[in-house]
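Only one structure is covered here, and it is reproduced in the block below.
Every heavy atom of this structure was used, including side-chain atoms; hydrogens, water molecules and symmetry mates were not.
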2 protein chains.
Amino acid sequence: MTNIHDIAKLSGYSAATVSRVINQRGYVSDKAREKIKSIIDQMDYVPNDVARDLSRVKTYNIGVVLPYTEHAYFNQMLDGIMSAAFKHGYRVLILLSNYEQDKELEFLEQLRRRAFDALIFTSHGLPLTKISKYLRYGQIVCCQDPGEVQIPAAYTQRYETYVEAFKWVKERGYSRIGLMQNRDYHVSATSEKTIAAYSAVFSKMPDPQMIVNEVMTYQDGYQAGKYYHQLKQQPDFVFCNSDDIATGFRQFYLDQKLSAPDFMGQEHQLPSQLLNFSTIDHQILKVGHAAMELAISGESKIVRIPSRFINRA
Amino acid sequence: MTNIHDIAKLSGYSAATVSRVINQRGYVSDKAREKIKSIIDQMDYVPNDVARDLSRVKTYNIGVVLPYTEHAYFNQMLDGIMSAAFKHGYRVLILLSNYEQDKELEFLEQLRRRAFDALIFTSHGLPLTKISKYLRYGQIVCCQDPGEVQIPAAYTQRYETYVEAFKWVKERGYSRIGLMQNRDYHVSATSEKTIAAYSAVFSKMPDPQMIVNEVMTYQDGYQAGKYYHQLKQQPDFVFCNSDDIATGFRQFYLDQKLSAPDFMGQEHQLPSQLLNFSTIDHQILKVGHAAMELAISGESKIVRIPSRFINRA
DNA sequence: TTGTATGCGTTATCAT
DNA sequence: ATGATAACGCATACAA
């Protein structure tokens, strides 16, 4: 591997001058520049990025923690993240967690070891208090309401929209509402908001029997349909976790030649458009973008982005 | 930042011994190990990954070039890639190209500058001959049939399955076949295979009027539907680019209260299951996995993976 | 305008 | 078993 010293030697100048030529900074005579450039071309030389990173104490890499990629939510997030990253010349490292705390910890340790300049948690299994302890080692951004915890965040303001959606459900006369959730509301801020909005609108907590957790895919939606169907008191409306999941739910009933309860989706995906049901656009693209901006700038502020109920009554 | 020399000084041992303790190699007395470990804990020390990378001449990062992320094809690819990467303790850097040759060149340059250990092109705008020139700077894997070009590759064997699909179409009596393609067959190996299979089955080249290029999203599928509809001689069957795209195509006709020509999809996505139309499973997950294995191992072989026609007549 | 010297933090070789 | 020292390759403050 030919390095900057080789170029220095061959050109008759010092490594410092070669460095100046490469980075176009400081004073360099035309003569020196010419000579050095010709040697660089001749030797087919390029600087080594790792050495550069070490010297600059900066990698231009940002780690992005995702539970999984199959989910539309995380795809949109990634799109927003990537567009902001590209804008500033940063690269994105994908870090799959599957919500495993061990893995999340490992990623935090990688941040500590300076493997990347900052870390974005699009979602997390670890408690935020634990995550925030690593803020001293580098910038960290999370994508949910951090509540009391002091940590930079970009997230969708879901509560108001959930209230709007549940009011719409209530006005249409539904009373036994099924709820599908990604994770239990004890560990998920999103689920917690859902429950809170439900309670505010219906003036009571949802029936635990009506809640299905760990719903993440089309298949899970299908299974949830099965579950709801075998209940003595079936729901008359189901609040699904995503549009994809909603179609899984619907499919179960179709396969049984039954008519499904009414339902709505989330994430504003293709299926709600295709099958014309209501949904919520959580504007995840914007959230991703904002998160990356925070990661790069190092600011420790909070960015809230409103979501949008899409009424397809 | 506390470094290995600080630990050496404080523990009374040398940096070399500290390094041995950290990496658990070579001989270290229990006494030294104890002492050094306690100092490490005390100082909250962790090694710097960048310095380590520089010294080892290895980053454990692999760059993955994707034209865009909205596409199911690339999502599946990424899943396969990630699972293989994780298995071997490698990280994945996402590099969006949008098929722009400038960007692809920039990624090749980054490989040359050792920003990552290897580069995977899930698809490419640059000619393979050009890409292959960079093989001297590091491992590169592409995900299409490289033909004559000497370059490691993992790809789906599409031709046979396309033939099977077109035979099925022909047997059902269709004769005016619409074809949607991602990119023109002059630049896309996939499109070229499609055309070749068509020609083999129907004993003639497809009518250029029946081909729509640059079809990548649901919206594009919709527009293609519009295009086909205004033709004097409309197709009686349309061979779509993906299941998502097929639904866009279908939706145009639904919106116009017209009945759509028969059609099939590709990529084995949710819509073909939902709406029960035929499709092709290109086994992209496996391709991604194989590509990453090649990237890591540095082998320069070619891995072919058969695709699968899913008949939903 | 250019060069010297030093730092960035780790690994690895080779004595001892 | 341990240490000194040389890579790894580049950037930069400061001197000249």
Task: d(NZ, K31(B); C1', dT2(D)) in whole Å - done: 12 Å
TODO: Take atom CG of N48(A) and atom C1' of dG9(C), then tell me their distance rounded to the nearest Å.
DONE: 15 Å
TODO: Report the nucleotide, chosen from dC10(D), dA1(D), dT2(C), that has the shortest atom-to-atom distance to any side-chain atom of N3(A).
DONE: dC10(D)
Task: Contact nearer the 5' end of DNA chain D, comparing G12(B) with V46(A) - done: G12(B)
Open item on the list: How many whole angstroms separate atom CD1 of I36(A) from atom C1' of dG3(C)?
Closed with: 12 Å
Task: T17(A) side chain near dT1(C) phosphate (N/O to OP1/OP2, under 4.0 Å) - done: no
TODO: Have a look at V28(A) and say if it touches a base, only the backbone sugar-phosphate, or nothing, with a 4.0 Å heavy-atom cut-off.
DONE: sugar-phosphate
TODO: Check the distance between dC10(D)'s P and D49(A)'s CG and give it to me in whole angstrom.
DONE: 10 Å
TODO: Look at the side-chain N and O atoms of Y45(B) and state whether any lies under 4.0 Å from the OP1 or OP2 oxygen of dT10(C).
DONE: yes
Open item on the list: Measure OH/Y27(A) against P/dC14(D) and give the value in whole Å, please.
Closed with: 16 Å
- [ ] Provide, to the nearest angstrom, the distance between the CG atom belonging to L54(A) and the C1' atom belonging to dA7(D).
- [x] 13 Å
Open item on the list: Using side-chain heavy atoms (C-beta onward) and a distance below 4.5 Å, is Y134(A) in contact with E109(A)?
Closed with: yes
TODO: Would you check if the side chain of Q139(A) reaches a backbone N or O of L294(A) as a donor-acceptor pair within less than 3.5 Å?
DONE: yes
TODO: Using a heavy-atom cut-off of under 4.0 Å over every strand shown, decide if A32(B) touches base, sugar-phosphate, or nothing.
DONE: sugar-phosphate
Tabulate atom names and distances for all N/O pairs under 3.5 angstrom spanning the protein and nucleotides 11-14 of chain C.
unit_1	atom_1	unit_2	atom_2	d
dT11(C)	OP1	N23(B)	OD1	3.3
dT11(C)	OP1	N23(B)	ND2	3.1
dT11(C)	OP1	R52(B)	NE	2.7
dT11(C)	OP1	R52(B)	NH2	3.2
dT11(C)	OP2	S19(B)	OG	2.9
dT11(C)	OP2	N23(B)	ND2	3.2
dT11(C)	O4'	S55(B)	OG	2.5

Task: Pairing of D44(A) and R112(B) as salt bridge, 4.0 angstrom limit - done: yes
TODO: Take the protein atom CG of D30(B) and the nucleotide atom P of dA1(D), then report the distance between them rounded to whole Å.
DONE: 10 Å
Can you give the donor-acceptor pairs under 3.5 Å from side chains of residues 24-39 of chain A to other protein atoms, not counting sequence neighbours?
unit_1	atom_1	unit_2	atom_2	d
S29(A)	OG	A32(A)	N	3.1
R33(A)	NH2	V28(A)	O	3.0
S38(A)	OG	K35(A)	O	2.9

- [ ] Taking D79(A) for its side chain and L285(A) for its backbone only, find out whether a donor-acceptor pair lies under 3.5 Å.
- [x] no
Task: Y155(B): which of T190(B), V141(B), D145(B) passes side chain to side chain contact (heavy atoms under 4.5 Å, CB included) - done: D145(B)
Task: Salt-bridge criterion met for R113(B) and E106(B) (N-O under 4.0 Å) - done: yes
- [ ] Please report, rounded to the nearest Å, how far the P atom of dG9(D) is from the CE atom of M43(A).
- [x] 13 Å
